[in-house]
S.K.: 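The structure is given below, and queries will be raised subsequently.
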Amino acid sequence: MYKANRIAGYFDYGGVLLVPVSLNGLRLYFMVDSGSAYCAINQKLLDKIVAEPTTEMRSVAPLGKEVIKTPTLLIENFVVGGLREKDFVVSIVDFPAGFQIDGLLGMDFMGKYRITIETDSQTLILREIPKKK
Amino acid sequence: MRDDLKISEIREKYDGQWVVVEVTKVDKYDNPLRGRILFHGTNQDQVYGDGAKYRNAHPEADLFFFYAGQAIPTGIGVMFVQG
(Lines give C-alpha, C1' and ligand atoms only; values in the text may rest on other atoms or scores of the structure.)
Protein backbone atom coordinates (compact mmCIF):
# COMPACT_ATOMS: atom_id res chain seq x y z
CA MET A 1 0.00 0.00 0.00
CA TYR A 2 1.21 3.47 -0.84
CA LYS A 3 0.84 6.25 1.62
CA ALA A 4 -2.07 8.62 1.11
CA ASN A 5 -2.27 12.08 2.63
CA ARG A 6 -5.75 13.49 3.15
CA ILE A 7 -6.29 17.23 3.04
CA ALA A 8 -9.75 18.15 4.26
CA GLY A 9 -11.06 21.37 2.76
CA TYR A 10 -14.43 22.78 1.80
CA PHE A 11 -16.43 23.37 -1.33
CA ASP A 12 -17.13 26.95 -2.23
CA TYR A 13 -19.59 28.31 -4.78
CA GLY A 14 -19.69 26.22 -7.94
CA GLY A 15 -18.17 23.20 -6.23
CA VAL A 16 -14.57 24.37 -6.24
CA LEU A 17 -12.45 22.88 -3.48
CA LEU A 18 -10.35 25.04 -1.17
CA VAL A 19 -7.71 23.33 0.98
CA PRO A 20 -5.21 24.53 3.58
CA VAL A 21 -1.61 24.95 2.46
CA SER A 22 1.42 26.32 4.28
CA LEU A 23 3.92 28.79 2.80
CA ASN A 24 6.98 29.22 4.95
CA GLY A 25 4.88 28.35 7.97
CA LEU A 26 1.95 30.62 7.16
CA ARG A 27 -1.28 28.73 6.51
CA LEU A 28 -3.71 29.84 3.79
CA TYR A 29 -6.57 28.35 1.79
CA PHE A 30 -5.70 27.66 -1.86
CA MET A 31 -8.16 26.66 -4.54
CA VAL A 32 -7.47 23.23 -6.03
CA ASP A 33 -7.02 23.86 -9.76
CA SER A 34 -6.02 20.92 -11.94
CA GLY A 35 -6.37 23.25 -14.94
CA SER A 36 -3.53 25.42 -13.71
CA ALA A 37 0.05 24.52 -14.57
CA TYR A 38 1.45 26.51 -11.67
CA CYS A 39 0.68 27.21 -8.07
CA ALA A 40 -0.04 30.87 -7.58
CA ILE A 41 -0.40 33.36 -4.79
CA ASN A 42 -2.55 36.46 -4.63
CA GLN A 43 -0.46 39.59 -5.07
CA LYS A 44 -2.19 41.13 -2.04
CA LEU A 45 -0.36 38.68 0.22
CA LEU A 46 3.15 39.52 -0.85
CA ASP A 47 4.07 41.64 2.13
CA LYS A 48 2.57 39.07 4.52
CA ILE A 49 4.74 36.16 3.37
CA VAL A 50 8.38 35.93 4.28
CA ALA A 51 9.81 34.93 0.91
CA GLU A 52 12.17 36.13 -1.77
CA PRO A 53 11.02 37.33 -5.18
CA THR A 54 12.85 35.65 -8.03
CA THR A 55 13.98 37.00 -11.38
CA GLU A 56 11.93 34.31 -13.14
CA MET A 57 8.95 35.52 -15.12
CA ARG A 58 6.37 32.99 -16.25
CA SER A 59 4.14 33.12 -19.27
CA VAL A 60 0.58 32.33 -18.33
CA ALA A 61 -2.58 32.25 -20.35
CA PRO A 62 -5.70 33.11 -18.40
CA LEU A 63 -8.70 31.68 -20.20
CA GLY A 64 -9.96 34.04 -22.86
CA LYS A 65 -7.15 36.55 -22.35
CA GLU A 66 -3.80 37.43 -23.86
CA VAL A 67 -0.71 35.57 -22.69
CA ILE A 68 0.87 37.57 -19.89
CA LYS A 69 4.10 37.44 -17.89
CA THR A 70 3.83 37.03 -14.14
CA PRO A 71 6.51 37.54 -11.49
CA THR A 72 7.34 34.70 -9.15
CA LEU A 73 8.18 34.08 -5.53
CA LEU A 74 10.55 31.50 -4.06
CA ILE A 75 8.93 29.63 -1.18
CA GLU A 76 11.47 27.80 0.96
CA ASN A 77 8.85 25.47 2.46
CA PHE A 78 5.65 24.82 0.53
CA VAL A 79 3.58 22.23 2.40
CA VAL A 80 0.25 20.58 1.66
CA GLY A 81 -1.08 17.89 3.97
CA GLY A 82 2.36 17.34 5.41
CA LEU A 83 3.94 16.92 1.95
CA ARG A 84 6.76 19.39 1.55
CA GLU A 85 8.41 20.99 -1.47
CA LYS A 86 11.67 22.80 -0.81
CA ASP A 87 12.50 25.99 -2.71
CA PHE A 88 9.26 25.96 -4.64
CA VAL A 89 8.48 28.75 -7.09
CA VAL A 90 4.94 30.15 -7.19
CA SER A 91 3.47 32.66 -9.60
CA ILE A 92 2.16 35.98 -8.34
CA VAL A 93 -1.26 36.79 -9.76
CA ASP A 94 -4.20 39.12 -9.35
CA PHE A 95 -7.65 37.64 -8.92
CA PRO A 96 -10.79 39.31 -10.20
CA ALA A 97 -12.53 41.73 -7.87
CA GLY A 98 -14.85 39.97 -5.46
CA PHE A 99 -12.85 36.77 -5.37
CA GLN A 100 -11.56 36.21 -1.84
CA ILE A 101 -8.95 33.65 -2.87
CA ASP A 102 -5.41 33.61 -1.51
CA GLY A 103 -3.94 31.25 -4.08
CA LEU A 104 -4.16 28.34 -6.48
CA LEU A 105 -2.85 24.81 -5.97
CA GLY A 106 -1.74 23.85 -9.45
CA MET A 107 -0.30 20.85 -11.21
CA ASP A 108 3.36 21.69 -10.59
CA PHE A 109 2.66 20.51 -7.04
CA MET A 110 -0.24 18.07 -7.48
CA GLY A 111 1.32 16.44 -10.53
CA LYS A 112 3.92 14.82 -8.30
CA TYR A 113 1.17 12.66 -6.78
CA ARG A 114 -1.80 10.54 -7.67
CA ILE A 115 -4.62 12.92 -6.92
CA THR A 116 -8.20 12.23 -5.94
CA ILE A 117 -10.95 14.63 -4.96
CA GLU A 118 -13.42 12.99 -2.62
CA THR A 119 -16.51 15.05 -3.22
CA ASP A 120 -18.53 13.58 -0.35
CA SER A 121 -15.90 14.46 2.25
CA GLN A 122 -14.62 17.62 0.47
CA THR A 123 -11.12 16.21 0.70
CA LEU A 124 -8.08 16.23 -1.58
CA ILE A 125 -6.09 13.01 -1.41
CA LEU A 126 -2.47 12.88 -2.52
CA ARG A 127 -0.88 9.49 -2.95
CA GLU A 128 2.69 8.58 -3.69
CA ILE A 129 3.27 7.50 -7.27
CA PRO A 130 4.60 3.92 -7.30
CA LYS A 131 8.15 3.66 -8.59
CA LYS A 132 8.44 1.79 -11.89
CA LYS A 133 10.22 -1.56 -11.59
CA MET B 1 -13.62 25.82 29.01
CA ARG B 2 -11.45 26.03 25.91
CA ASP B 3 -11.28 29.28 23.99
CA ASP B 4 -10.44 27.74 20.67
CA LEU B 5 -12.94 26.67 18.01
CA LYS B 6 -13.07 24.20 15.18
CA ILE B 7 -11.99 25.81 11.91
CA SER B 8 -15.47 25.06 10.53
CA GLU B 9 -17.01 26.88 13.53
CA ILE B 10 -14.78 29.90 12.91
CA ARG B 11 -15.90 29.98 9.28
CA GLU B 12 -19.54 30.06 10.46
CA LYS B 13 -19.10 32.49 13.34
CA TYR B 14 -17.05 35.01 11.35
CA ASP B 15 -18.87 34.57 8.06
CA GLY B 16 -17.97 37.40 5.67
CA GLN B 17 -14.86 38.45 7.58
CA TRP B 18 -11.14 37.98 7.17
CA VAL B 19 -9.58 36.18 10.11
CA VAL B 20 -6.18 35.39 11.54
CA VAL B 21 -6.23 32.27 13.68
CA GLU B 22 -3.59 30.72 15.89
CA VAL B 23 -3.82 27.00 15.19
CA THR B 24 -4.17 24.94 18.37
CA LYS B 25 -4.77 21.48 16.94
CA VAL B 26 -3.83 19.70 13.72
CA ASP B 27 -4.64 16.27 12.34
CA LYS B 28 -2.13 13.55 11.46
CA TYR B 29 -1.47 15.23 8.11
CA ASP B 30 -0.78 18.59 9.76
CA ASN B 31 -4.06 20.08 8.55
CA PRO B 32 -5.50 22.67 10.95
CA LEU B 33 -8.48 21.45 12.99
CA ARG B 34 -8.92 24.04 15.74
CA GLY B 35 -7.71 27.54 16.43
CA ARG B 36 -8.00 30.69 18.46
CA ILE B 37 -9.09 33.93 16.83
CA LEU B 38 -6.45 36.66 16.99
CA PHE B 39 -7.81 39.21 14.52
CA HIS B 40 -10.95 39.52 12.44
CA GLY B 41 -12.76 42.11 10.38
CA THR B 42 -13.97 43.03 6.91
CA ASN B 43 -10.79 44.88 5.85
CA GLN B 44 -8.36 42.29 4.52
CA ASP B 45 -5.36 44.63 4.54
CA GLN B 46 -5.99 45.56 8.17
CA VAL B 47 -6.60 42.01 9.41
CA TYR B 48 -3.77 40.37 7.45
CA GLY B 49 -1.49 43.31 8.32
CA ASP B 50 -2.19 42.80 12.02
CA GLY B 51 -1.53 39.09 11.52
CA ALA B 52 1.79 39.78 9.81
CA LYS B 53 2.89 42.05 12.67
CA TYR B 54 1.87 39.38 15.18
CA ARG B 55 3.83 36.81 13.23
CA ASN B 56 6.93 38.99 13.27
CA ALA B 57 6.60 39.39 17.04
CA HIS B 58 5.79 35.70 17.61
CA PRO B 59 7.64 33.74 14.92
CA GLU B 60 6.86 30.45 16.66
CA ALA B 61 3.08 30.98 16.35
CA ASP B 62 1.25 28.66 13.94
CA LEU B 63 -1.00 31.10 12.07
CA PHE B 64 -3.78 30.53 9.57
CA PHE B 65 -5.02 33.50 7.51
CA PHE B 66 -8.28 33.08 5.62
CA TYR B 67 -11.59 34.52 4.49
CA ALA B 68 -14.40 33.08 6.59
CA GLY B 69 -17.12 33.26 4.04
CA GLN B 70 -17.92 32.45 0.48
CA ALA B 71 -14.71 33.04 -1.46
CA ILE B 72 -16.30 32.79 -4.90
CA PRO B 73 -19.09 35.25 -5.69
CA THR B 74 -22.51 33.65 -6.16
CA GLY B 75 -23.41 33.13 -9.78
CA ILE B 76 -19.85 33.11 -11.08
CA GLY B 77 -18.38 29.84 -12.29
CA VAL B 78 -14.62 29.82 -11.90
CA MET B 79 -12.49 28.90 -14.90
CA PHE B 80 -8.93 30.01 -14.24
CA VAL B 81 -6.43 28.47 -16.59
CA GLN B 82 -2.68 29.05 -16.59
CA GLY B 83 0.00 27.32 -18.52
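Letters go in sequence order (proteins before strands), and every chain restarts at 1.
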S.K.: Which residues from residues 21-29 of chain A are near chain B, with near meaning under 4.5 Å between non-hydrogen atoms?
M.R.: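 When heavy atoms of chain B are the reference, residues 21-29 of chain A contributes A:Leu23, A:Asn24, A:Gly25, A:Leu26, A:Arg27, A:Leu28, A:Tyr29 within the under-4.5 Å range.
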
S.K.: Would you say A:Arg84 and B:Asp30 make side-chain contact, with heavy atoms under 4.5 Å?
M.R.: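 Sidechains of B:Asp30 and A:Arg84: no contact.
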
S.K.: Look up atom CG in A:Asn5 and atom NZ in B:Lys28, then write down how far apart they are to the nearest 0.5 Å.
M.R.: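 Going from the CG atom of A:Asn5 to the NZ atom of B:Lys28 covers 9.0 Å.
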
S.K.: Is A:Met107 linked to A:Ile41 within one hydrophobic cluster, defined over Ile, Leu, Val, Met, Phe, Trp and Tyr using a side-chain heavy-atom separation of less than 4.5 Å?
M.R.: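 Looking at the clustering, A:Ile41 is in the same group as A:Met107.
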
S.K.: For chain B, which candidate among A:Gly98, A:Gly106, A:Gly14 shows the most heavy-atom pairs at distances under 4.5 Å?
M.R.: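 Top count of heavy-atom pairs under 4.5 Å with chain B: A:Gly98.
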
S.K.: Count I, L, V, M, F, W, Y as connected when their side-chain heavy atoms are under 4.5 Å apart, and connections chain through other members. Are A:Phe109 and B:Tyr29 then in the same cluster?
M.R.: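 No, no single cluster joins them.
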
S.K.: Quick one: does B:Asn31's side chain have a donor or acceptor within less than 3.5 Å of a partner on A:Arg6's backbone?
M.R.: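 Pair found, side chain donor or acceptor close to backbone of A:Arg6.
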
S.K.: Find out if a path of hydrophobic residues (ILVMFWY) with successive side-chain heavy-atom gaps under 4.5 Å connects A:Met110 to A:Tyr113.
M.R.: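 As far as the 4.5 Å side-chain criterion goes, A:Tyr113 and A:Met110 are connected within one cluster.
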
S.K.: Is there side-chain contact between A:Tyr13 and B:Pro73, with at least one heavy-atom pair below 4.5 Å?
M.R.: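 No - every pair of side-chain heavy atoms lies 4.5 Å or more apart.
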
S.K.: How long is the span from the CD atom in B:Gln44 to the CG atom in A:Asn42, to the nearest 0.5 Å?
M.R.: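 It is 6.5 Å, given to the nearest 0.5 Å.
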
S.K.: So B:Trp18 and A:Gln100, side-chain contact (heavy atoms from CB on, under 4.5 Å) or not? Walk me through it.
M.R.: CA-CA 9 Å; B:Trp18 299 90; A:Gln100 321 293 14; 3.1 Å; yes

S.K.: Hey, any chance A:Ile125 and A:Leu17 share a hydrophobic cluster, counting ILVMFWY side chains that come within less than 4.5 Å of each other, even indirectly?
M.R.: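 Not linked; separate clusters.
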
S.K.: Closest approach of B:Gly69 and A:Tyr10, non-hydrogen atoms and distance?
M.R.: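 Scanning both residues completely, I find the closest heavy atoms to be O-OH, 4.0 Å.
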
S.K.: Report the C-alpha separation of B:Val20 and A:Lys48 in whole Å, then their side-chain angles, then the decisive distance to 0.1 Å, and conclude whether the side-chain contact (heavy atoms from CB on, under 4.5 Å) test is met.
M.R.: CA-CA 12 Å; B:Val20 173; A:Lys48 316 296 186 297; over 6 Å; no

S.K.: Given heavy-atom pairs under 4.5 angstrom as the criterion, report whether the side chain, backbone, both or neither of A:Leu45 touches chain B.
M.R.: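 Looking at A:Leu45, just its side chain touches chain B.
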
S.K.: Return yes if some donor-acceptor pair links the side-chain N/O of A:Asp12 with the main-chain N/O of B:Ile72 below 3.5 Å, else return no.
M.R.: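 Judged by distance alone, yes, a pair lies under 3.5 Å.
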
S.K.: Which atoms of B:Ile7 come close to chain A, meaning under 4.5 Å heavy atom to heavy atom: side chain ones, backbone ones, both, or neither?
M.R.: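 Interface part for B:Ile7: side chain.
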
S.K.: Non-hydrogen atoms of chain A under 4.5 Å away: do they reach the side chain of B:Val21, the backbone, both or neither?
M.R.: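 Answer is neither: B:Val21 stays 4.5 Å or more from chain A.
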
S.K.: Does anything in residues 64-75 of chain B pair up under side chain to side chain donor-acceptor pair (under 3.5 Å), and if so which pairs, sequence neighbours excluded?
M.R.: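 Sorted result for residues 64-75 of chain B: B:Gln70-B:Thr74.
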
S.K.: Nearest 0.5 angstrom please: B:Phe66 CZ to A:Phe30 CZ, how far?
M.R.: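 It is 15.0 Å, given to the nearest 0.5 Å.
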
S.K.: With the 4.5 Å side-chain cut-off for hydrophobic clustering, are B:Val19 and B:Leu33 part of the same group?
M.R.: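 No.
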
S.K.: Is the number of heavy atoms from other residues, nucleotides or ligands within 6.0 Å of CD (A:Glu56) greater than 12?
M.R.: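 Yes, because the 6.0 Å sphere around CD of A:Glu56 holds more than 12 heavy atoms from other groups.
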
